[in-house]
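Here's the structure, in C-alpha cells; my notes come after.
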Amino acid sequence: MIERWALVSGLKGDLDTYELIQKDLKKTPGNITLFVLGDMIGPEKNCNRLLHRLINPKSNDLQPWCIYGWWEEQILLESGYRGDQRAEALRINKGEEVVNSLTNAVDKSFLDWIAALQFGFVELDCGLIHGSSKDVGENLTLDTPPLTLLDRLTRLQVNRLFTARSKQQFHLELTEGIVNSEVEDLNGNRKKEQKVPQKAVIGIGAGKNYTLYDVGTDNTQFVQAGYKTEKKIKGFGRL
Amino acid sequence: MNQAVISCLHANLPAVEAVLKDIELQGITNITCLGDLVGYGPQPNEVIELIRDKEIPTCQGCWDEDVVDGLDACDCSYPSQLAEKRGHFAHKWTTDKLTTENKDYLANLPYSIRKDKCLFVHGSPNSQHEYLLPDMDAFAALERVENARAEILFCGHTHQPYIRELADGLIAVKIKNAVPKDTQEKEIQLPMRRIVNAGSVGEPRHGGTKATYVVHNDVTNEVKIREVEYDIELTCKAIIDAGLPPIFAWRLKNGFEFAEQAEDASHVCER
Ligand SMILES: [Zn+2]
Ligand SMILES: [Zn+2]
C-alpha cells in the first residue's frame with residue numbers, strides 16, 4: 001500500500017474545512033497519516049469545536065498528529081505559559097482587539113493540551129514544522145535565499161522540510177550545493193570542498209489548501225479541500 | 001590600514017597589557033574587542049578599566065552578559081559538571097568583585113559592531129553563546145556571514161584563532177510542480193566570505209600558552225594571527241591569591257587544548 005502523508009495547517013478554528021479534508025482523505029488511496037502543522041486556532045472564529053474534534057477524533061476520522069504554530073505560540077505567550085513574556089508582537093502589529101479575540105476564541109481548558117504540543121516532528125529524513133527550525137514565526141517561501149533554506153534544513157539534520165507559516169504551496173528542490181572552505185590556524189592550512197546531497201523545502205499551504213506527500217516517490221500534490229484538483233504553482237518568473 | 005581585533009581577555013591583566021603593547025609596537029591604533037573582558041581571571045576591574053581608558057570599542061561577550069543578567073545560558077556551555085561548577089564559582093566571584101560602574105559598562109556593551117564590510121560579534125550574529133568552530137558546516141558558516149550582511153565576520157568565544165575563507169559556492173534549485181516549465185531551475189552563486197576568529201588574549205585554548213589576537217589589513221584583506229608571550233606566572237599567582245580554582249592557573253601554564261564548549265557547535269542556548 002502506498003504510504004502518504006496529508007499535511008494541513010492554518011485551520012484557525014474552521015471545523016467545516018477540517019471535516020471536508022477528512023472526507024477527502026477517506027477517498028484518497030493509500031495508507032494515510034494526517035499531520036496538522038499548527039495554527040489550529042486563530043482570532044477570527046471560535047476554535048473550541050475544532051480543538052475538541054482534534055483531541056477526540058470521531059471513530060471514522062483519521063487520527064491527526066498536531067504541532068503548535070504561530071497562533072498557538074501567541075495564546076501561550078498571552079496566557080503566561082512562556083514566563084513573563086506576553087504576545088507583544090501581536091499586540092503591536094494587530095492591536096489589543098485581536099489579542100482579545102484570540103483569547104476569547106479558545107476555551108482555557110484547551111491551553112494545557114496546546115502547551116503540550118511539540119515544535120515539530122522528524123519522520124524518516126523529513127522535518128515537519130510550522131515556520132522554520134529557527135523560529136515558529138519564520139516564513140519560508142520560494143524567495144527565501146537558498147543558503148537560509150539550507151541552514152534551516154541543517155539545523156534539523158533533515159533532507160526535506162515541510163513548512164506552513166507562509167501559507168504558500170511549493171516544492172523547492174536544492175539539487176546541488178558546493179562550497180570551498182579553507183581554514184588557516186596555528187597548525188597550518190586545510191582545504192575542503194563541501195557538497196550537499198539533494199534536499200527540499202515544501203510549503204504545504206493553509207486552510208482549504210493542503211498537501212499530499214507520497215513518501216515512496218517523493219512527489220507532492222497540492223490539493224484544495226472538496227475539489228481534489230491538483231494546483232500548479234508559479235515558477236520563479238522571468239530569470 | 002591595519003586593524004587589530006582582540007577577544008576573550010578574561011580578566012588576565014598581564015596578557016592584555018602584553019597584547020596592547022604588541023599592537024602599539026606595530027603602530028596600530030585601530031583596535032576592536034569582541035568581549036569576554038571578565039570571567040576565569042583575577043583582575044576583572046583592572047581589565048575593564050584599561051579597555052575603557054583606551055576607549056577600545058567592545059562587543060558584549062557571553063561572560064559580560066552573564067555577570068550582568070545572571071546565568072541564563074543553558075548547561076550546554078560546559079563539557080562536564082565539574083567544569084560547570086568551576087564556571088559558576090568564577091561567575092559568582094567575578095560578580096562580587098566588579099564595581100557597580102564596571103557592571104553598568106558591561107551591561108551597556110553592544111551585541112555587535114559594524115564597520116563597513118566588517119561585522120564584529122562575540123559568538124555569532126545569532127547569539128553570544130553560539131560557537132563558530134573552524135570546521136563547522138561550511139554552508140551554515142556562510143549563512144551566518146551572509147545573513148548578517150557582512151563580508152568579513154570577526155568572532156571570538158571559541159578561544160581558538162582561525163581564518164576561514166568560503167569561496168566558489170553555488171546552490172542549484174529546481175521547482176517541482178511548477179508552471180511555466182522554462183522557469184523551473186536556477187543556479188545561485190554564493191559570494192566569497194570570511195570568518196576570522198580572534199582567539200583569546202587571556203585564556204588561550206589553542207594548545208599553546210601565548211595570548212592570541214589577529215591583525216587585518218583592510219587594503220590587502222590579509223589577516224594574520226599573532227601570538228604574544230606574557231608573564232603567565234604573574235597571572236597564575238594572582239589566580240591562587242584570589243582563591244579562584246587552581247585549575248585556571250594550571251590551564252594557563254600548560255596550554256589547554258580544548259574550549260569548554262558544547263559538543264554540538266550548531267547548538268544555540270535556549271534562553
Ligand atoms: Zn571567552
Ligand atoms: Zn564567550
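Protein chains get the first letters and strands the later ones, always in sequence-line order, with residue 1 at the start of each. The structure displayed is predicted, hence computed values, not measured ones. Heavy-atom basis, side chains included; hydrogens, waters and symmetry copies ignored.
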Any donor-acceptor pair under 3.5 Å linking the side-chain atoms of A:D185 with those of B:Q160?
no
Can you check whether B:P134 reaches A:R190 side chain to side chain, under 4.5 Å on heavy atoms?
yes
Quick one: what part of B:N147 sits under 4.5 Å from any heavy atom of chain A, side chain, backbone, both or neither?
side chain
Is chain B contacted by the side chain of A:L174, its backbone, both, or neither, given a heavy-atom distance below 4.5 Å?
both
Evaluate side-chain contact (heavy atoms from CB on, under 4.5 Å) for B:R164 paired with A:S181, printing each intermediate quantity in order.
CA-CA 7 Å; B:R164 188 177 193 186; A:S181 163; 2.9 Å; yes
Do B:I171 and A:V179 make a side-chain contact, defined as non-hydrogen atoms from C-beta onward lying under 4.5 Å apart?
no
Proximity breakdown for A:R82 and chain B, heavy-atom pairs closer than 4.5 Å
neither
Side chain, backbone, both or neither: which part of B:I163 has an atom under 4.5 Å from a heavy atom of chain A?
both
Side-chain contact test, heavy atoms from C-beta onward, threshold under 4.5 Å: evaluate it for A:D151 versus B:F139 and give yes or no.
no
Given a strict heavy-atom distance threshold of 4.5 Å, which part of A:K191 is in contact with chain B: side chain, backbone, both, or neither?
neither
So what's closer than 4.5 Å to chain A heavy atoms on B:E165: side chain, backbone, both or neither?
both
So for B:L190, is it side chain, backbone, both, or neither that comes closer than 4.5 Å to the heavy atoms of chain A?
side chain
Using modelled atom types and a 3.5 Å cut-off, is there a donor and acceptor pairing between side-chain atoms of B:K176 and backbone atoms of A:A200?
no
